[in-house]
Structures are given as C-alpha cells and as structure tokens.
Trainee: 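Here it is, the structure, as structure tokens.
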Amino acid sequence: MTSATQWSVSTAASVLLDAETSRADRGPITADWPGLDLSTAYDVQAELIARKVAAGQHIVGVKLGLTSRAKQLRMGVDSPLTAWLTDAMSLPIGVPLDTSELIHPRVEPEIVFVLGRELSGPGITAAQAMESVDAVYAGLEVIDSRYTDFKFTLPDVVADNASSARFVIGGLKRRPAELDLALEACVLQVDGAVVDTATGAAVEGHPAEALALAANALGRRGVVLRAGWTVLTGGLTDAVFIRPGQQVSAEFTHLGTVTLGAE
Ligand code: OOG
Ligand code: MG
C-alpha cells in the first residue's frame with residue numbers, strides 16, 4: 001500500500017492477511033497510520049479473525065501475549081495483550097512444522113489451560129479464574145510476526161493477532177489442583193542444547209493471573225471465555241527461531257515434555 005492509502009480497520013486487516021498469505025513481512029502499520037490506537041487495533045484484530053471465520057476457520061480459544069518480563073523486554077512492549085486461536089493454528093503432536101508456510105517462525109514454551117466452564121469478566125480474580133480450569137498442559141507456540149524483524153508497537157502487534165501462527169499442546173493432561181504452577185519449571189532446548197529456563201511465576205506471577213487478565217480484558221469488550229476453550233497463557237521465556245531440520249522441546253517438571261520439529 002502506498003502513503004496515499006486511506007487507512008481503516010478494514011484496510012489494515014487486509015494488509016495483515018495479505019502479508020500472512022503471501023508470507024511477505026512489512027513495516028509496522030503505525031508508521032503509515034499513526035492514528036492506530038489500541039482500541040482500534042483490537043478492532044483490526046477482530047476484523048481479521050472474523051474474516052478467517054468467514055473463510056471456514058473456527059475459534060478454539062484465546063492467547064495472551066507479553067505476559068512475561070522475558071517477552072516484554074525482547075519485544076520492547078511492556079503491556080500484555082489478548083488475541084485469538086483458531087483450529088487452523090493447531091498442530092497435532094508429532095507433525096512437523098512446515099516452515100515454508102511461514103515468514104520467520106519462532107517458538108516459545110507456554111502453560112496451557114483448557115476451560116471446564118465459562119469465565120465472564122471483568123472482576124475475575126486469579127483464584128476464580130483457576131476454578132474454571134479443567135486441565136493444564138505443556139505447550140509450544142509458534143509465533144510469526146507479519147512485521148519485519150518482529151519490530152512493532154503495542155497497537156501493531158495487537159492488530160496482527162499477537163503474531164499468531166501455530167500451537168502444539170502436550171500429551172499429558174494434568175488437573176490444576178495437582179499443581180503449583182508458580183513453581184512449575186520449564187527447560188527449553190534446541191536440538192538437545194538448553195537455551196533457556198523459567199518457572200510459571202514468569203507469567204504475571206502465576207499463569208492464573210494471566211487467565212484472569214484475559215477474562216477481564218475480554219469481558220470489557222463483551223467477550224465471555226467459553227467452556228472447552230484453550231488458553232495459551234504467554235511465553236515463559238524469550239522465543240527461539242526454528243529452522244528446517246531443527247527440533248525445539250520444552251520439558252516441564254509435572255506437565256511432561258512437548259517437542260516440535262521443523263522441516
Ligand atoms: C508477540 C506475541 C507474544 C507471547 O506469548 O508473549 C506472545 C510476539 O512476541 O511477537 O505470543
Ligand atoms: Mg505466545
């Protein structure tokens with residue numbers, strides 16, 4: 001798009017979807033459209049997901065982004081955000097990541113919740129949020145910003161559905177009552193070499209705080225989290241690039257190990 005483009009929620013959604021389908025990264029939208037504020041950015045995100053749903057995808061849950069200090073520091077954005085997960089993003093365990101479908105994928109370990117009942121904010125505490133959780137899993141999220149070099153401001157990354165691309169859920173299902181998620185430890189490895197470590201406390205002090213944050217932020221936008229939805233609570237560590245032939249794995253103390261290979 002040229003500088004003469006008349007920017008709107010609709011054109012911004014088109015630009016981001018085009019970047020995704022053509023696997024062509026671009027500069028931040030706010031560079032061309034300084035008027036893109038946070039609230040409008042969430043409108044762009046909603047429009048983008050509505051178009052994916054219209055094209056046949058189904059919403060399967062939500063993701064939080066930038067809930068850990070490691071992520072906030074790396075991305076230069078110090079505020080958490082919410083975004084959407086669709087079935088097209090879900091990668092079954094054991095299926096390799098096809099990097100030719102993506103721009104510059106990176107992988108991050110996450111603690112994942114599946115909700116047993118709906119959660120309707122605002123006003124939700126972490127304890128209330130935890131009561132709605134049926135199961136806890138280890139996860140790996142593949143992020144793939146549509147912005148060159150993952151350089152963006154908060155409204156840019158919100159509009160881009162928080163760099164969403166793929167996610168893998170581990171095979172071990174745990175009940176929340178069995179776990180102390182602040183102390184749940186994670187070791188991140190690339191091709192067998194340890195590259196990072198964290199505990200669940202990295203995510204807003206406790207991943208349940210992240211879930212409450214999502215319920216409250218979405219509740220203010222009139223969205224209720226539904227029973228059965230998957231919630232990615234946010235990268236525990238900085239994300240690592242994954243290239244063809246590489247294997248990334250996250251080993252947790254009680255949630256098992258989840259591995260993703262790339263081709
Ligand atoms: C934005 C997405 C952040 C997380 O878990 O923090 C995210 C990005 O880092 O490109 O998914
Ligand atoms: Mg993430």
Side-chain angles (χ1 to χ4, degrees), residues 16 19-20 23 25-30 38 41-42 44-45 48-49 60-86 89-91 97 102-114 136-170 181 184 186 188 195-196 198-211 213-214 217-218 229-242 248 250 252 255 258 260:
L16 287 165
E20 182 178 348
R23 297 189 291 279
D25 51 309
R26 54 156 294 130
I29 289 179
T30 50
L38 191 55
Y42 275 107
V44 174
Q45 186 194 90
L48 199 140
I49 293 301
V60 296
V62 300
K63 59 170 274 185
L64 286 116
L66 310 177
T67 47
S68 69
R69 199 76 198 112
K71 290 286 306 179
Q72 293 180 357
L73 281 173
R74 163 69 72 168
M75 299 305 169
V77 175
D78 64 1
S79 173
L81 57 94
T82 65
W84 295 101
L85 299 175
T86 74
M89 300 171 191
S90 169
L91 204 58
L97 178 72
L102 302 171
I103 304 168
H104 44 196
R106 297 171 74 163
V107 184
E108 55 195 19
E110 308 215 5
I111 291 173
V112 181
F113 293 143
V114 173
V136 187
Y137 297 89
L140 286 174
E141 188 187 17
V142 179
I143 52 173
D144 194 37
S145 178
R146 267 54 68 174
Y147 302 118
T148 307
D149 297 333
F150 281 78
K151 289 219 171 69
F152 44 66
T153 66
L154 181 59
D156 289 305
V157 65
V158 164
D160 189 29
N161 200 45
S163 312
S164 69
R166 303 283 185 273
F167 64 91
V168 189
I169 309 284
L181 286 179
E184 181 69 19
C186 167
L188 184 67
V195 292
D196 216 337
T199 64
V203 172
E204 297 287 320
H206 192 293
E209 295 284 357
L211 176 57
L213 195 153
L218 287 165
W229 273 9
T230 296
V231 179
L232 301 189
T233 58
L236 292 155
T237 66
D238 188 13
V240 291
F241 283 108
I242 184 167
V248 175
F252 287 79
L255 299 175
V258 53
L260 176 66

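When a ligand or atom number is given, it counts from 1 through the structure's own listing order. Fair warning: this is a prediction, and the values are worked out from it, not measured in the lab. All residue numbers refer to positions in the sequence shown, counting from 1.
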Trainee: List every atom of ligand 1 that sits less than 4.0 Å from any heavy atom of Gly234, numbering the atoms from 1 in the order shown and giving each element.
Mentor: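 Going through ligand 1 atom by atom, the ones under 4.0 Å from Gly234 are 5 (O).
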
Trainee: How far is atom 10 (O) of ligand 1 from its nearest protein heavy atom, and which residue and atom is that?
Mentor: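 Heavy-atom neighbour on the protein nearest atom 10 (O) of ligand 1: Ser163 OG, 2.6 Å.
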
Trainee: Among all protein non-hydrogen atoms, which one is nearest to atom 6 (O) of ligand 1, and what is the separation to 0.1 Å?
Mentor: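 The closest heavy atom on the protein side is Leu66 N, 2.7 Å.
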
Trainee: Please list, in number order, the atoms of ligand 1 under 4.0 Å from a heavy atom of Phe150.
Mentor: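 Result: 10 (O).
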
Trainee: Provide the number and element of each atom of ligand 1 under 4.0 Å from a heavy atom of Leu64.
Mentor: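 So the answer, numbered in order with elements, is 4 (C), 5 (O).
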
Trainee: Looking at Glu108, pick out the N, O or S atom nearest to the Mg ion (ligand 2) and give its name.
Mentor: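 This turns out to be OE2.
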
Trainee: At a 4.0 Å threshold, what atoms of ligand 1 neighbour a non-hydrogen atom of Glu110?
Mentor: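 Near Glu110, meaning under 4.0 Å from one of its heavy atoms, ligand 1 has 5 (O).
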
Trainee: Considering all heavy atoms of both residues, which atom of Pro155 and which atom of Thr30 are nearest to each other, and what is their separation?
Mentor: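 Closest pair (atom of Pro155, atom of Thr30, distance): CB-CG2, 4.2 Å.
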
Trainee: Which of these passes side chain to side chain contact (heavy atoms under 4.5 Å, CB included) with Thr67: Thr82, Leu232, Val203?
Mentor: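 Result for side chain to side chain contact (heavy atoms under 4.5 Å, CB included) with Thr67: Val203.
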
Trainee: Please list, in number order, the atoms of ligand 1 under 4.0 Å from a heavy atom of Gly65.
Mentor: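 It comes down to these atoms of ligand 1: 3 (C), 4 (C), 6 (O), 7 (C).
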
Trainee: Taking all non-hydrogen atoms of both residues into account, name the closest pair between Lys71 and Asp238 and its distance.
Mentor: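 In terms of heavy atoms, the two residues are closest at CD-CA, 4.4 Å.
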
Trainee: Any side-chain heavy atom of Met89 within less than 4.5 Å of one from Asn161?
Mentor: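 Of all side-chain heavy-atom pairs linking Asn161 with Met89, at least one is under 4.5 Å.
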
Trainee: I need the Leu211 CG to Leu64 CG distance, nearest 0.5 Å.
Mentor: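 Answer for the CG-CG pair, Leu211 versus Leu64, is 7.5 Å.
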
Trainee: Do Asp144 and Arg166 pass the salt bridge (charged side-chain N to carboxylate O under 4.0 Å, His left out) test, and can you show the C-alpha distance, the side-chain angles, and the key distance before you say yes or no?
Mentor: CA-CA 9 Å; Asp144 194 37; Arg166 303 283 185 273; over 6 Å; no

Trainee: Polar contacts were defined as any N/O atom of the residue lying under 3.5 Å from an N/O atom of the ligand; does this apply to Ser145 and ligand 1?
Mentor: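 By distance alone, the answer is no.
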
Trainee: Applying a 4.0 Å heavy-atom criterion (strictly less than), which segment of Arg74 is in contact with ligand 1: side chain, backbone, both, or neither?
Mentor: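 Within the 4.0 Å criterion, Arg74 makes no contact with ligand 1.
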
Trainee: Indicate yes or no: does an N/O atom of Glu141 lie under 3.5 Å from an N/O atom of ligand 1?
Mentor: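 Such a contact does occur with ligand 1.
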
Trainee: If you round to the nearest 0.5 Å, how far is CG of Asp149 from CD1 of Ile103?
Mentor: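 Those atoms lie 11.5 Å apart.
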
Trainee: Please write down residue, atom name and distance for the protein heavy atom closest to atom 9 (O) of ligand 1.
Mentor: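 Heavy-atom neighbour on the protein nearest atom 9 (O) of ligand 1: Lys71 NZ, 2.8 Å.
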
Trainee: Can you name the atoms of ligand 1, numbered from 1 with element, that are less than 4.0 Å from a heavy atom of Phe152?
Mentor: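 Those atoms are 8 (C), 10 (O).
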
Trainee: To which protein heavy atom is atom 7 (C) of ligand 1 closest, and what is the distance rounded to 0.1 Å?
Mentor: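 It is Glu108 OE2, 3.2 Å.
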
Trainee: Backbone or side chain, does any N or O of Ile143 fall under 3.5 Å from an N or O of ligand 1?
Mentor: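 In fact, backbone or side chain, Ile143 has no N or O that close.
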
Trainee: At what distance is the nearest protein heavy atom to atom 2 (C) of ligand 1, and which residue and atom is it?
Mentor: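 Result for atom 2 (C) of ligand 1: Ala162 O, 3.2 Å.
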
Trainee: In Glu110, the N, O or S atom nearest to the Mg ion (ligand 2) is which?
Mentor: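 Result: OE2.
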
Trainee: Phe241 vs His104 aromatic rings, parallel, tilted or perpendicular, using cut-offs 30° and 60°?
Mentor: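 Ring orientation, 0 to 90° scale: tilted.
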
Trainee: What atoms in ligand 1 come closer than 4.0 Å to a heavy atom of Val157?
Mentor: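 Per the distance check, 1 (C).
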
Trainee: Looking at Thr233 and Ile111, would you say the former's side chain and the latter's main chain have a donor-acceptor pair under 3.5 Å?
Mentor: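 Yes.
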
Trainee: Return the name of the atom in Glu141, of element N, O or S, nearest to the Mg ion (ligand 2).
Mentor: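 Of the nitrogen, oxygen and sulfur atoms in Glu141, the Mg ion (ligand 2) lies nearest to OE1.
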
Trainee: Rounded to the nearest 0.5 Å, how far apart are CZ of Phe252 and OH of Tyr137?
Mentor: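 So the CZ of Phe252 and the OH of Tyr137 are separated by 14.0 Å.
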
Trainee: From atom 5 (O) of ligand 1, work out which of Ala239, Gly235, Ser68 has a heavy atom at the shortest distance.
Mentor: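 Selected option, by shortest heavy-atom distance: Gly235.
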
Trainee: For Leu85 versus Lys63, what's the shortest heavy-atom pair and its separation?
Mentor: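 Between these two residues, the closest heavy atoms are CD2-CB, 3.9 Å.
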
Trainee: Is there side-chain contact between Leu81 and Tyr42, with heavy atoms separated by less than 4.5 Å?
Mentor: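 Yes, at least one pair of side-chain atoms sits under 4.5 Å.
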
